[in-house]
Amino acid sequence: MAQLNQTGYMHNRLRMVTGSFLVKHLGLDWRWGERYFAEKLNDFDLAANNGGWQWVSSSGCDAQPYFRIFNPVSQSETFDAQGKFIKRYLPQLAGLSAQQIHAPWRLSSAELARVGVELDRNYPSPIVDHAQARALTLQRYAVVRKGTS
C-alpha cells in the first residue's frame with residue numbers, strides 16, 4: 001500500500017496479493033478495494049481494475065478458485081527473496097536480513113530493537129493470522145458453494 005500511495009502504481013502480482021488479503025483475509029467487500037485502487041492508480045483502467053477485484057474475490061466470470069488464498073509471507077519470500085522491494089517502501093525494515101524481513105513480527109523484541117524496529121510504533125503487528133484467516137474464508141465460501149451443488 002505504501003507503493004500505491006506514494007507512486008500511484010502497484011505491480012500486478014502485488015495487486016493480486018493485496019486484493020486477496022483484503023477480501024479473503026479481512027473479509028472486506030471487493031468493491032471497497034476496487035474503489036480505492038480506482039482513485040489511486042495512475043494506470044487505472046475500469047475493466048482491468050474491476051475484473052481484477054472480481055477475480056481475486058472469486059466472484060467474477062473468470063475468477064480464481066475460491067480456495068486460492070495468497071499467503072503474503074510466502075509470496076514475499078518467493079518474489080522479493082532479498083527484500084529489496086520491502087526495503088524501498090518500508091525503510092524502517094532495512095536493517096533486517098533477507099530471511100527476517102518477510103515476517104519481522106516473528107523476531108524477538110531484542111532482535112527488532114537492534115535494528116530500530118518496534119512493533120506497533122514504527123511497524124504494525126499482524127492484524128490476522130494467515131492460517132486462521134484462510135480457514136475462516138473457506139468456511140464463508142463453503143456456505144455459497146453448498147447452495148450451488
Side-chain angles (χ1 to χ4, degrees), residues 1-60 62-141:
M1 295 308 291
Q3 180 191 31
L4 177 63
N5 290 326
Q6 290 172 29
T7 69
Y9 178 77
M10 184 183 279
H11 185 277
N12 188 57
R13 168 66 54 175
L14 193 49
R15 292 180 196 199
M16 291 186 301
V17 174
T18 302
S20 179
F21 181 79
L22 294 173
V23 172
K24 293 186 174 175
H25 283 77
L26 300 183
L28 298 177
D29 186 316
W30 66 267
R31 294 171 294 186
W32 291 13
E34 191 277 334
R35 189 175 313 118
Y36 188 82
F37 275 55
E39 293 173 5
K40 296 291 183 176
L41 288 170
N42 60 24
D43 66 344
F44 172 73
D45 175 84
L46 177 61
N49 192 49
N50 192 280
W53 281 93
Q54 287 181 42
W55 180 85
V56 81
S57 67
S58 302
S59 64
D62 184 26
Q64 75 171 343
Y66 71 92
F67 52 81
R68 180 173 294 154
I69 302 166
F70 289 108
N71 180 325
V73 174
S74 64
Q75 289 287 309
S76 178
E77 292 167 341
T78 300
F79 294 99
D80 187 27
Q82 298 304 309
K84 291 179 183 178
F85 178 86
I86 295 170
K87 290 175 183 180
R88 179 174 180 181
Y89 289 101
L90 298 170
Q92 66 271 36
L93 302 182
L96 297 175
S97 72
Q99 292 75 33
Q100 298 170 324
I101 200 163
H102 304 284
W105 58 90
R106 294 180 182 155
L107 301 173
S108 70
S109 53
E111 290 173 301
L112 290 171
R114 238 186 329 262
V115 295
V117 175
E118 185 181 336
L119 293 180
D120 298 323
R121 186 181 60 79
N122 62 355
Y123 188 80
S125 293
I127 57 175
V128 294
D129 173 84
H130 171 70
Q132 291 173 350
R134 184 178 196 288
L136 183 58
T137 296
L138 293 175
Q139 287 176 354
R140 283 195 308 262
Y141 278 77

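In this text, all values refer to a predicted model and were calculated from it rather than measured experimentally.
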Chemist: By side chain to side chain donor-acceptor pair (under 3.5 Å), which residues pair with Thr137, not counting sequence neighbours?
Modeler: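 Here the qualifying residues are Arg140.
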
Chemist: Does the side chain of Gln75 pick up a donor-acceptor pair with the side chain of Asn71 at under 3.5 Å?
Modeler: no

Chemist: For Gln6, is the CD atom crowded, meaning more than 12 foreign heavy atoms sit under 6.0 Å from it?
Modeler: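 Yes, because the 6.0 Å sphere around CD of Gln6 holds more than 12 heavy atoms from other groups.
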
Chemist: Listing request: all salt bridge (charged side-chain N to carboxylate O under 4.0 Å, His left out) pairs with a residue in residues 92-110, at least two apart in sequence or in separate chains.
Modeler: none

Chemist: Tell me whether the NZ or CZ atom of Lys24 lies within the 45° cone about the ring axis of Tyr66 and under 6.0 Å from its centre.
Modeler: no

Chemist: Using a distance-only test with no angle check, is there a side-chain donor-acceptor pair under 3.5 angstrom linking Tyr36 and Asn5?
Modeler: yes

Chemist: For the residue pair Glu34 and Asn49, confirm or rule out a side-chain donor-acceptor distance under 3.5 Å.
Modeler: yes

Chemist: What are the two closest non-hydrogen atoms of His102 and Ala81, and how far apart are they?
Modeler: NE2-O, 3.3 Å

Chemist: Taking all non-hydrogen atoms of both residues into account, name the closest pair between Met10 and Leu41 and its distance.
Modeler: N-CD2, 4.3 Å

Chemist: Please report the shortest heavy-atom distance between Gly95 and Val115, naming the atom on each side.
Modeler: O-CG1, 3.3 Å

Chemist: For the residue pair Val23 and Ser57, what are the closest heavy atoms and their distance?
Modeler: CG1-CB, 3.6 Å

Chemist: Minimum heavy-atom separation for His130 to His25, with atom names?
Modeler: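 That would be ND1-NE2, 2.7 Å.
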
Chemist: Applying ring pair (Phe, Tyr, Trp, His ring centres under 6.0 Å), can you list everything that pairs with Phe70, at least two apart in sequence or on another chain?
Modeler: none

Chemist: Ignoring hydrogens, what is the shortest heavy-atom contact between Ile101 and Pro104? Give both atom names and the distance.
Modeler: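 Reported closest heavy-atom pair: O-CD, 3.4 Å.
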
Chemist: Quick one: pull up CE in Met1 and CD in Gln3 and give me the separation to the nearest 0.5 Å.
Modeler: 10.5 Å

Chemist: Decide if atom CH2 of Trp105 counts as having more than 12 heavy atoms of other residues, nucleotides or ligands within a radius under 6.0 Å.
Modeler: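 Counting neighbours around CH2 of Trp105, more than 12 heavy atoms of other residues, nucleotides or ligands fall under 6.0 Å, so yes.
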
